[in-house]
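Just below is one structure, and these are the notes that go with it.
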Amino acid sequence: MKYLPKIKEICFLAWPAVVQEALSVVVAYIDTAMVGTLGANASASVGLTGSVNWLTSSIVMAFGVGILSVCAKADGAKDNVKLQITAQQAFYFVFGIGLLMSIICVIIAPYLPIWLNGDEAIIHDAYMYFLITSVTFLFRSSALIFASTLRSVKDMKTPMMINIYMNIINIVLNFFLIYPSRNIYGIYVIGANLGVIGAAIATSISYVFGGIWMFIRYFTNERFDLKHSGFHFNQSVFKECVNISLPVVMERSVICFGHVTFASMIATMGVIPLAAHTIAIQAEQAFYCPGYGFQSAASTLVGNAVGEKDVDKVKQTTYLICAMTSGLMVIAGLLLFMNAHSLMSFFTPDKEVIALGTTVLRIVSVSEPIYGVLVILEGTFNGMGDTRAPFIFSCITMWGVRILGTYIVIHILHLGLAQVWGMMVCDNILRCILLLQRFLREKWRYLI
């Protein structure tokens, strides 16, 4: 019973993030299913550059980790002046990173599908999808970094609500932009018939809405007092955020470049394996919701504990959240295993894609509890600002296990997608073991 107040605090912080993740996944399911009705080529077109979109968003989110960590530690230490100064630096991160990434993505867009070994039938749609979603990258940066800034002061509900509305806008616009004009239950519905391009436009408009609204809520937050203080660049605090963020940027770049390489290697296997891989990755996201939801709570609470210089609180918080998350992920894994076929059938009518996707989803379902612990440990290290070791571990497992293993599976052993996903599971398990070992040895005590 002595842990009950702590469990309540964790749940209070985690539930908005869990709901946000769950609703985002539901909408992403609908989004993927809408594109999937256009056929395997359309799914593959969106999926081909999906890893790069994940990479670019992850880089932005990594800078949000630096802001969150410094703000949370300042909040734990009751240093309101540093909290406000750190919040001001988020503004400069958004504009600097957002504009730079937008320019880079627009420049590489025509070449990216070719670099990723895309089939000639999907290259044009893949290029257009990536280009259109990259144009509004500044707004995407605003939605991601300002959300982390708000979470650092335990405002989890605002990012949740804004993301819900972003997703609703995306789905509604998909309905009108993807399909041609048609009759639905006797009602004539106008449609633009833009296919994959329509899906990209809908996504971009939702980013614009979310970025603007997230900025407004960040600017009006009383803890940051930006109405009176304005935005002042502070070199030392900015540098502190960067020092925490850079290893996370490198870690996520390593992971996401690995995903890009991973996807490009799968693309060489043909459209059916690529479509099955793309849809299965999307289907799996729903079962990560508990992990990513509780990760936000772990980062904020551990950051607070470091600010308070309380080693026991760091350990207690991490152990509790790991236990809670792994329990939930056991249930998630069982549900994924039992419903794998139904999930794939929801996304596509293609029987070959469904059969292959069902197999790989059942393979990965076994590792869900381990992945949950991995996600929480990442949140713990991010919250305390110990980000260098996780970067090194990611390099080792992503390239030494997943990529090298996939190359051997495809090009030497000539096996299929199931064995490729086996390499992905091995990567996650080894990375979890390495992070857990570091935490148990308390190599992070130097921060306190």
Side-chain angles (χ1 to χ4, degrees), residues 25 28-54 113 116-123 125-126 129 196 199 258-288 332-368 371 401-429:
V25 168
Y29 272 21
I30 298 170
D31 194 33
T32 304
M34 285 176 149
V35 173
T37 60
L38 303 175
N41 279 2
S43 295
S45 297
V46 174
L48 184 64
T49 58
S51 295
V52 182
N53 267 319
W54 186 12
L116 295 175
N117 299 316
D119 190 281
E120 192 150 339
I122 66 173
I123 283 178
D125 278 351
Y129 186 88
V196 170
H259 281 296
V260 171
T261 306
F262 190 57
S264 68
M265 293 169 78
I266 292 171
T268 64
M269 301 171 73
V271 170
I272 296 297
L274 179 59
H277 170 76
T278 300
I279 294 172
I281 287 286
Q282 184 66 66
E284 187 191 11
Q285 299 303 308
F287 301 87
Y288 291 161
L334 288 171
L335 291 173
L336 178 58
F337 187 90
M338 292 186 294
N339 296 289
H341 186 273
S342 299
L343 282 170
M344 291 300 301
S345 301
F346 175 76
F347 289 120
T348 178
D350 191 300
K351 291 183 179 180
E352 286 185 83
V353 174
I354 291 171
L356 190 54
T358 299
T359 299
V360 297
L361 284 177
R362 285 179 173 159
I363 289 171
V364 81
S365 67
V366 178
S367 66
E368 293 296 300
Y371 190 77
V401 176
R402 184 178 303 204
I403 301 304
L404 179 60
T406 297
Y407 179 84
I408 293 170
V409 163
I410 294 175
H411 297 290
I412 297 177
L413 301 178
H414 305 292
L415 299 174
L417 188 64
Q419 290 74 27
V420 168
W421 272 54
M423 292 298 102
M424 183 171 72
V425 170
C426 291
D427 164 21
N428 290 335
I429 291 173

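Just so it is clear, the model here is predicted, and its values are computed rather than measured.
In terms of the side chain to side chain donor-acceptor pair (under 3.5 Å) criterion, Asp125 has no residue partners (sequence neighbours excluded). With sequence neighbours left out, His411 forms a ring-ring contact (aromatic ring centres under 6.0 Å, His included) with Tyr407.
In this structure, the separation between CG on Leu334 and CG on Asn339 is 10.5 Å, given to the nearest 0.5 Å. Summarising the geometry, atom CG belonging to Asp427 is positioned 10.0 Å from atom OG belonging to Ser367; distances are rounded to the nearest 0.5 Å. Atom CD1 of residue Ile279 and atom CG of residue Leu361 lie 10.0 Å apart, to the nearest 0.5 angstrom. For the atom pair CD of Glu368 and CG of Leu335, the computed distance is 10.5 Å after rounding to the nearest 0.5 Å. Taking CZ from Arg402 and CE from Met424, the interatomic distance works out to 5.5 Å, rounded to the nearest 0.5 Å.
Within the 4.5 Å cutoff, the side chain of Leu343 has heavy atoms near those of the Leu336 side chain. Counting only heavy atoms from C-beta outward, the side chains of Pro273 and Leu356 approach each other to under 4.5 Å. No side-chain heavy atom of Gln419 sits less than 4.5 Å from a side-chain heavy atom of Leu413.
Looking at every heavy atom in both residues, Met265 comes nearest to Ile403 through CE-O, 3.9 Å. Gly416 approaches Val409 most closely through the heavy-atom pair O-CG1, 4.0 Å. Smallest separation of non-hydrogen atoms from His277 and Trp421: ND1-NE1, 3.1 Å. Met269 and Leu415 get closest at one heavy-atom pair: CE-O, 4.1 Å. What you find for Val360 and Ala280 is that their closest heavy atoms are CG2-CB, 3.7 Å. Shown here for Met344 and Thr358, the closest heavy-atom pair between the two residues is CG-N, 3.7 Å.
In this structure a side-chain-to-backbone donor-acceptor pair under 3.5 Å is present from Arg362 to Phe337.
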